[in-house]
Number of protein chains: 4
Amino acid sequence: MSQKDKHYILNVSCPDQIGVVSAVTGHLAGHACFVEESSDYGDPQTNRFFMRIRFRPTLAGFDADAFMDGFAPLRTRLGMQVDLFERTAKRRVVLMVSKLDHCLNDLLFRYRTGDIRMKIPAIISNHPDLRQLADWHDIPYHHIPVTPATKAEAEARIDAILEEAQADTIVLARYMQILSAGLAGKYHGRIINIHHSFLPGFKGARPYHRAHERGVKLIGATAHYVTADLDEGPIIEQQVERVEHFNSVNDMIAVGRDVECLTLARALRYHLEHRVFLNGNKTVVFRR
Amino acid sequence: MSQKDKHYILNVSCPDQIGVVSAVTGHLAGHACFVEESSDYGDPQTNRFFMRIRFRPTLAGFDADAFMDGFAPLRTRLGMQVDLFERTAKRRVVLMVSKLDHCLNDLLFRYRTGDIRMKIPAIISNHPDLRQLADWHDIPYHHIPVTPATKAEAEARIDAILEEAQADTIVLARYMQILSAGLAGKYHGRIINIHHSFLPGFKGARPYHRAHERGVKLIGATAHYVTADLDEGPIIEQQVERVEHFNSVNDMIAVGRDVECLTLARALRYHLEHRVFLNGNKTVVFRR
Amino acid sequence: MSQKDKHYILNVSCPDQIGVVSAVTGHLAGHACFVEESSDYGDPQTNRFFMRIRFRPTLAGFDADAFMDGFAPLRTRLGMQVDLFERTAKRRVVLMVSKLDHCLNDLLFRYRTGDIRMKIPAIISNHPDLRQLADWHDIPYHHIPVTPATKAEAEARIDAILEEAQADTIVLARYMQILSAGLAGKYHGRIINIHHSFLPGFKGARPYHRAHERGVKLIGATAHYVTADLDEGPIIEQQVERVEHFNSVNDMIAVGRDVECLTLARALRYHLEHRVFLNGNKTVVFRR
Amino acid sequence: MSQKDKHYILNVSCPDQIGVVSAVTGHLAGHACFVEESSDYGDPQTNRFFMRIRFRPTLAGFDADAFMDGFAPLRTRLGMQVDLFERTAKRRVVLMVSKLDHCLNDLLFRYRTGDIRMKIPAIISNHPDLRQLADWHDIPYHHIPVTPATKAEAEARIDAILEEAQADTIVLARYMQILSAGLAGKYHGRIINIHHSFLPGFKGARPYHRAHERGVKLIGATAHYVTADLDEGPIIEQQVERVEHFNSVNDMIAVGRDVECLTLARALRYHLEHRVFLNGNKTVVFRR
């Protein structure tokens, strides 16, 4: 594959101002790059500008390094942050699970069939239960029990595995353990959690039980980036499903499983396709 | 219209036990009544049973009083609560509003076209703004300003108007004032409020602003019965709509208007059609 | 487990008339059966009545045969059709697939985790591709190629496998072949197909391509019973998802996969829980 | 209001090629215009590029005419079509109705409250029924009966009213009459119809009756531009709502009313905000 058959994602953010789009797209045109898809957004409150461009070079001699070097003046003058990704490069995603397997199964199916393009160098769990599923997909399974007494040590082992796996992204697929602020900070903006409620409703534990008790008519799930502040991280995606008075807690849990899978899968795809920008404690998501 | 062309709604609730449905439907069959629609639910946690039956007598001589008197043994033996309503009888609904007119306009349209069958003997507001809309529909408009100093007096006037209007049901169509525990208690299970958030998220004031600040991906509305405990009353209906990062607070408010109208209209229809039962702090809603 | 710890589903249908519910529930009360959940519907157009009751006997000596024998007078007098099912009995479901694996994977996950309770005695495919997935679940995989020349012979083999598997229900999980009228008739009301469009839109082949060409804003999936009339069988469940102008056909296919899985899984669960009644070319679905 | 306090919408379309975004945004930057919101899309099948930009000039001396004249080279070189609109300018919308008033009422409410910004110089109907509603909003109401014999003459009168009203956009808010190819062609891309089904399902008359007969589980509405080919025009927006076996045709019609109102209002808002581009027989809709 020559350079001109490659597709790239260019992500840009900077203080909003006149001429940003023009400067970036002018640079692309100057390198004979064809824009296939672009999205941008300027937040009028934070005055921050975000842009995602998918493009392909039209010349065989396209030099990605030179292309990026050419942004130097813009980086300096406009305070611009610029990142370039090959579209087909697979990011390295480590999955962390507990005993519940619905999200894991869903993600592994999407991994196996290519529905979500990624590498999964490791699965980490505080329980041994889901090893068989990992084995069938030929993915190393690390059983790291966590108790209050061993939490620090366990997290050190987790950190080592993430390092060795060269983890780009971490998915808490119903991991049910709280990560320390240290680990959350180290992978800021790269750890995705699925919370089984429509946040900010029912933060914390046992949301379906509390939803049942409160008598809500819709239940939901929230995929968000993990921060040190539990259940308060930037929201990537949310979905809901209707329930009725006759639905038991177990019915809600069953309905919720499907909602959790879809919400997490969608959030992960957005993240891996570089569609998500952090904007303070919120996200900008250029959805498709 | 002879008795046999009438349709009735029969609402029953009692402790759940063997033979309840049989006893009630046996009584209907004994009076030659044809069941057009029935729904029931036994709550396994509270052990309370609820049933709603729509029926029509098939004999010209159907005597509603005698039919209800016949329930006396069941009332005694099974602790049964039984209510009978003529299906086409219009309930008396008083609307309470503030300055925002979208819910009022929506309800008046449904009233005018018969989409929701009801009488509206009065509209009460703490502002004069929406009088013209009431006038056009020939509905008396009562402007009762509310200030901290005059709150008790204002509520006494409201209560008098409700009495005079023989209000069966009260709808807070974005009324924006908190009713006293006294009034809420007097009309327990008959005051419906529309809250402009997906409860229990964003209880209290300015939910759209807080939803925008939190960066949620769905906003919603909640119709619930008013209790002394603010925003904690039994939920009748909830709906949501998707928003994205580019939606401003004003966008959310605009999207929210439609969601509020639909949610409130649906809840009111369920209520007026006797589809809603109180079940502790929850509702049983036999939707159609 | 003694008789009184069992739960049963009782399904009833008959011409609608006064006293049906009373007669059925009276019979239940007479046998000291506690109704846990009941739903009924009388179609005013066809004048046909449908009822589903979940109950548990409260006496150790409950005799299911005697209970059913007791319906004889009702069968005769009211033309009643009555069926009794043990709630936990697992029905035998044969899955038929082609090359696409998303629905199969989804159903096998729900089978493996008990989310949908069933036995899967066989998987039949006209291609060898999905054998590995069947193997991992220890389910016999029958590869039966179908060509125009061998169609009759292939279907005879399929029929033999269904017989041997004692198939109660057949699921066409993207099977992509049309069953003969003979086979469709033999398993009338027991073959569920997932069609990848929101019927009656885009009947026939390549619905996503045609949806893309037409520029619709929502795509969907339809689960229906198979009849001799292609894509015209009674609809059990439908769901949709939003698409936009920038979504390619492949995007639609990807979005559609999730919608197909959910729609088929939901329809199959309704069917296996005896929630679906045929009502001419329509269905009555007592959903939960 | 000086020029620099105005906001503009710039709509661009042309054959897709390298440098289009750069050229357009460069022109904006050259005139010191601040981009507030931009969206673009290149259709890989038709190779057509579409772009919508909302911007505000930052210099008091901004000259809109000179700004547009400056596009001349791009028009020539890139075959670019460019349109500029003042954001707050109200477009002139003529509503056409028959006897059903739900869509009319909904649009008039949004008009009255400014939820949709527009002028309504005339309402045209083939029936006298809705005059009172028009009167209350001080909008001229033209009753033009249509019969097979007088259709040509009636349409000539309609055309004259549209001319006199200087209609920019025409909304068939359940008009129930088919416009001639001549009128449809004259206002190509500017007549919006609401069809009460989820097209392409149930084209033609009485869709709710046919949906009921077919037993679908979702009903919907479609807002589309009118073309000479009935029910085949480019789709702008679609929405659906769930129905069940117990819903009568009248229930479906009632549910459908809300769906129709919302779908039409949303499509009209997109249109008036210049968010919709025609792309062959499809639309590009830059939604918010």
Side-chain angles (χ1 to χ4, degrees), chain C residues 39-45 48 50 197-203 207 210-225 231-250 263 266-267 270 275-287, chain D residues 39-45 48 50 197-203 207 210-225 231-250 263 266-267 270 275-287:
Chain C
S39 308
D40 57 75
Y41 172 67
D43 185 330
Q45 293 188 308
R48 183 109 194 137
F50 307 89
S197 90
F198 182 70
L199 290 175
F202 307 120
K203 282 184 232 182
R210 287 151 63 209
H212 185 263
E213 199 177 312
R214 180 64 185 90
V216 294
K217 301 300 184 186
L218 298 167
I219 58 170
T222 303
H224 64 93
Y225 288 117
D231 295 345
E232 293 288 353
I235 294 171
I236 307 169
E237 173 69 353
Q238 297 186 295
Q239 297 193 41
V240 293
E241 186 66 63
R242 183 168 281 274
V243 290
E244 305 203 34
H245 59 264
F246 47 67
N247 289 121
S248 65
V249 172
N250 282 336
T263 306
R266 196 169 275 191
Y270 294 154
R275 297 185 177 281
V276 191
F277 290 74
L278 283 174
N279 181 22
N281 197 43
K282 298 161 65 170
T283 60
V284 170
V285 183
F286 295 123
R287 306 195 308 141
Chain D
S39 308
D40 57 73
Y41 172 67
D43 185 332
Q45 293 188 308
R48 184 108 194 137
F50 307 89
S197 89
F198 181 69
L199 291 175
F202 307 119
K203 284 186 231 182
R210 288 150 63 210
H212 185 263
E213 199 176 312
R214 180 63 184 92
V216 294
K217 301 301 183 185
L218 297 167
I219 58 170
T222 303
H224 64 93
Y225 287 118
D231 295 345
E232 293 287 353
I235 295 171
I236 306 170
E237 173 68 355
Q238 297 185 296
Q239 297 193 39
V240 293
E241 186 66 62
R242 182 169 283 275
V243 289
E244 305 202 35
H245 59 264
F246 47 67
N247 288 121
S248 66
V249 172
N250 282 336
T263 305
R266 194 170 277 192
Y270 294 154
R275 297 184 177 281
V276 191
F277 291 74
L278 283 174
N279 181 22
N281 197 44
K282 299 161 66 169
T283 60
V284 170
V285 183
F286 295 123
R287 306 197 306 141

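It should be emphasised that the depicted structure is a prediction, and the values quoted were computed from it without experimental measurement. What you see below is based on every heavy atom in this structure, not just the backbone, and it leaves out hydrogens, waters and symmetry mates. The sequence lines fix the lettering, A, B, ..., with proteins before strands; numbering per chain opens at 1.
In this structure, chain D has a heavy atom under 4.5 Å from the side chain of C/K282, while its backbone stays farther away. For C/E244, the part lying under 4.5 angstrom from a heavy atom of chain D is the side chain only. Proximity to chain C involves both the backbone and the side chain of D/Q239, based on heavy atoms less than 4.5 angstrom apart. Contacts between C/R242 and chain D at a heavy-atom distance below 4.5 Å involve the side chain alone, from C-beta outward.
C/T222 places a side-chain N or O within 3.5 Å of a backbone atom of C/L199 that can act as its donor or acceptor partner. Within the 3.5 Å criterion, the main-chain N or O of D/N247 finds a donor-acceptor partner in the side chain of D/H212.
Counting heavy-atom pairs closer than 4.5 Å to chain C, the top residue among D/N279, D/V285, D/I236 is D/V285. Options D/V216, D/N281, D/L218 differ in how many heavy-atom pairs under 4.5 Å they form with chain C, and the most are formed by D/L218. The greatest number of non-hydrogen atom pairs below 4.5 Å with chain C, out of D/G220, D/G201, D/P200, is found for D/P200.
Between C/R214 and D/E232, at least one side-chain nitrogen of the basic residue sits less than 4.0 Å from a carboxylate oxygen of the acidic one, meeting the salt-bridge criterion.
Classified by interplanar angle (parallel below 30°, tilted 30° to 60°, perpendicular above 60°), the ring pair C/F198/D/F198 is perpendicular.
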C/T283 and D/K217: side-chain contact (heavy atoms from CB on, under 4.5 Å), yes or no, with the steps?
CA-CA 10 Å; C/T283 60; D/K217 301 301 183 185; 3.0 Å; yes

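With rounding to the nearest 0.5 Å, the separation of CZ in C/F286 from CZ in C/F50 is 8.0 Å.
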